Amino acid sequence: AWVCLVPLLIAVSGRAPLQAFRCGIVAGFMYFGGVMPWLINVMSEYGHISNWLSFILMMVLVAYLALYIGLFAWSAAYYRLSANWVVLSPFFFVTLEYLRGHLLTGYPWALLAHSQHLNPAVIQIASITGVYGVTFIIVLVTSAIAHYLLSRDDARLSSKLLAGALLIAVVNTTWGYWKAESVQAAGGKTFKAAIIQGNIDQGIKWDSDFKEETLSKYFRLTRKAAKNRPDLIVWPETAFPFYFGRDMKPTLRLRALVKETSVPLIFGGLGLLPDVTNNRYGVTNRAFLLKPDGTVKHYDKMHLVPFGEYVPLRRLLFFVDKITNAVMVDISAGSSSVPLRVNGISVGIQICYEIIFAEPSRAFVRNGASVIVNITNDAWFGNTAASAQHMMSLPFRAVENRVPIIRAANTGISGFVAANGSIKNTTPLFETVEISDEVTIPPIRETFYSRFGDLFAFFSIAVTVAALFLVIKRRKSDGDRP
């Protein structure tokens, strides 16, 4: 990752901006095309779209994402990879990643910073800057390396730039190592949690002939996990293949199980949301908290997957159907980020790919959550890299808000993430298993990021806008390039 942009920057050196933009598009196609071939499997296997059309649709998304790399390459050529551009380049890249993560519902998947998800020392700066601070440092280093390799006129200046960039990276890593260790050493309140990975094939998940078998598997694993006396048990997204509270027989069985084990249970299922306006019920992707005394609380997923859980612009795209077959109607979005209370602990819930967005987790923490539970069903992805890519976001959510994360995935990867971003006790893909671990909640100290959010990203956007303003002003005044 620390040299990933060097080949592109060398390729665009000396080229006209438009040519560089095209080179960036090619590089973007190579990167995103290599990251997301799993989309073909999702669309063809579960969306019942032909392989060739699935490929075309994937390439449309790849082409859109490649535009951001193209714009970055354009900026490099426009500024002739000058020393000024080296300083500005991380601000430009952060701006482009932020836009990618928010425009058209947002898609912050496979961000540059995610390459460091296994390096807690490098990512501690996310507690201040969010994920974009890590991206900033990577781009600064890789741009400085490219400038050094290409520099012919002022080797002394390029050496200073490279030394400065490397110094920033080293200082960040050194401070990050100390910070990660200090968070671990601080200890805190502990509790034991168990995760049930049911490993239910997506093809039979909603088949009425297999629902009882699914439920029996989760019951068996839950009883086994309860023998270790955990304080909380977590099932994955939509693990309960019925309408809890409406399908009474399985509902009563589940209530009896939780009472029997005396352990609170968080599980995924479908919820019904009264729609007074249309005199009907909406369906939500819901996480339930069921306590041994029979108390039930819930959270409804707020950030839905376009074309997976609903079809955007439904009237215009009337010929398009969503991929999930659990319900025939579009899933309705929830609206509350109030944490759920479990044994004196405030728990924020993130369902599926909500976890790749920073703001929902931050909202829960701002509302008092000290633990984040992420329930997901990654069976859609099959045996591809997508589940691992999905997992890459979790260390950043943990560090940003200094909270531990518990992740239960239907087919994996399940596991635990400590408040310092270290991943532990993960499960293999496509194995039926139950795991447990001790979760430590560090002393309550609100991070800079939790309090102020993406302030660093906004500053980067401001720098980028100012640079564009100066470019436009200069072109109007004398037409010169920097």
Side-chain angles (χ1 to χ4, degrees), residues 189-198 200 205-206 211-274 281-302 326-327 332 334-351 364 367-377 406-408 410 434 436 439 441:
K189 183 177 182 179
T190 62
F191 70 97
K192 192 173 185 179
I195 297 170
I196 309 300
Q197 182 172 300
I200 307 300
K205 186 175 179 66
W206 298 104
K211 286 184 177 182
E212 285 296 330
E213 181 181 331
T214 296
L215 206 57
S216 295
K217 177 184 282 191
Y218 275 107
F219 276 40
R220 175 175 54 82
L221 291 169
T222 299
R223 288 190 174 99
K224 181 180 178 182
K227 293 178 180 179
N228 295 320
R229 303 180 65 84
D231 299 294
L232 175 67
I233 296 176
V234 183
W235 291 6
E237 175 189 14
T238 59
F240 188 73
F242 301 92
Y243 283 96
F244 183 82
R246 182 177 177 179
D247 297 329
M248 293 312 299
K249 185 177 179 179
T251 296
L252 292 174
R253 286 178 59 197
L254 186 56
R255 283 183 175 276
L257 174 70
V258 173
K259 185 176 181 180
E260 170 195 331
T261 60
S262 297
V263 182
L265 172 68
I266 291 177
F267 64 96
L270 296 177
L272 294 176
L273 196 67
Y281 282 97
V283 179
T284 64
N285 189 342
R286 179 169 290 180
F288 296 87
L289 167 61
L290 177 58
K291 299 181 181 180
D293 64 3
T295 304
V296 180
K297 300 291 182 182
H298 70 265
Y299 161 76
D300 290 325
K301 184 179 181 182
M302 293 192 289
V327 292
S332 299
S335 58
S336 174
S337 55
V338 176
L340 308 180
R341 297 285 292 178
V342 185
N343 294 331
I345 298 170
S346 293
V347 178
I349 310 288
Q350 294 285 264
I351 300 177
F364 268 114
N367 287 332
S370 55
V371 178
I372 296 294
V373 170
N374 175 220
I375 61 173
T376 186
N377 174 27
I406 303 167
R407 187 181 203 248
N410 173 24
E434 53 86 19
S436 61
V439 178
I441 303 172

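Being a predicted model, the structure only gives us computed values, none of them experimental. Position 1 is the first residue of the sequence, and the numbers go up from there.
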Closest non-hydrogen atoms of Met302 and Gly334, given as atom of the first, atom of the second and distance, are CG-O, 3.2 Å
Side chains of Glu237 and Asn285, donor plus acceptor under 3.5 Å | yes
Are Arg286 and Asp300 close enough for a salt bridge, meaning some N to O gap below 4.0 Å?
-> yes
Determine whether Pro264 and Leu290 make a side-chain contact, defined as any pair of heavy atoms from C-beta on separated by less than 4.5 Å.
-> no
So how far is it from Leu221 CG to Ile196 CD1, rounded to the nearest 0.5 Å?
-> 5.5 Å
Given Asn374, Ile195, Asn410, Ile266, the one that forms side chain to side chain contact (heavy atoms under 4.5 Å, CB included) with Pro236 | Asn410
Which distance, rounded to the nearest 0.5 Å, do you find between the NE2 of His298 and the CD1 of Ile349?
-> 11.5 Å
Proximity of Phe240 and Trp235 rings by center, below 6.0 Å = no
Within 45 degrees of the axis of the six-membered ring of Phe288 and under 6.0 Å from its centre: does Lys297 put its NZ or CZ there?
-> no
Output, in order, the C-alpha distance, side-chain angles, deciding distance and verdict of side chain to side chain contact (heavy atoms under 4.5 Å, CB included) for Thr222 and Leu257.
-> CA-CA 9 Å; Thr222 299; Leu257 174 70; 4.0 Å; yes
Can you check whether Leu272 reaches Val283 side chain to side chain, under 4.5 Å on heavy atoms?
-> yes
Which pair of non-hydrogen atoms, one from Asp231 and one from Val342, has the smallest distance, and what is that distance?
-> O-CG1, 4.5 Å
Euclidean distance, Asp293 CG relative to Thr295 OG1, rounded to 0.5 Å = 3.5 Å
Who passes ring-ring contact (aromatic ring centres under 6.0 Å, His included) against Phe191, sequence neighbours left out?
-> none
Could you check Val263 against Val258 for side chain to side chain contact (heavy atoms under 4.5 Å, CB included), going step by step and ending with a plain yes or no?
-> CA-CA 6 Å; Val263 182; Val258 173; over 6 Å; no
Any donor and acceptor pair, going by atom type alone, linking the side chain of Asn228 with main-chain N or O of Pro230 inside 3.5 Å?
-> no
Please determine which of Phe219, Phe242, Phe244, Tyr218 meets the ring pair (Phe, Tyr, Trp, His ring centres under 6.0 Å) test together with Phe267.
-> Phe244
Please collect all side chain to side chain donor-acceptor pair (under 3.5 Å) contacts where either partner lies in residues 249-272, sequence neighbours excluded, each pair once.
-> Glu212-Arg253, Arg223-Glu260
Passes side chain to side chain contact (heavy atoms under 4.5 Å, CB included), Ile345 versus Lys189? Steps please.
-> CA-CA 10 Å; Ile345 298 170; Lys189 183 177 182 179; 3.8 Å; yes
Taking all heavy atoms of Pro250 and all of Leu215, pick out the closest pair and write down the distance.
-> CB-CD2, 3.9 Å
Between Ala193 and Val439, which heavy-atom pair has the shortest distance, and what is it?
-> CB-CG2, 4.1 Å
Nearest-0.5 Å distance, NZ of residue Lys301 to OG of residue Ser332 = 13.0 Å
Over all atoms of both residues, closest heavy-atom pair of Val234 and Ala408 = CG1-CB, 3.7 Å
Output for pair (Ser346 OG, Asn367 CG), nearest 0.5 Å, gives 9.5 Å
Give the minimum heavy-atom separation between Lys205 and Ile200, together with the two atoms involved.
-> CA-CG2, 4.1 Å
Test applied, side chain to side chain contact (heavy atoms under 4.5 Å, CB included); reference residue, Leu289; option that passes from Leu340, Leu265, Val373 = Leu340
Where do Thr190 and Ile441 land on the side chain to side chain contact (heavy atoms under 4.5 Å, CB included) test, with the steps shown first?
-> CA-CA 6 Å; Thr190 62; Ile441 303 172; over 6 Å; no
Partner set under side-chain contact (heavy atoms from CB on, under 4.5 Å) for Ser336, not counting sequence neighbours = Val338
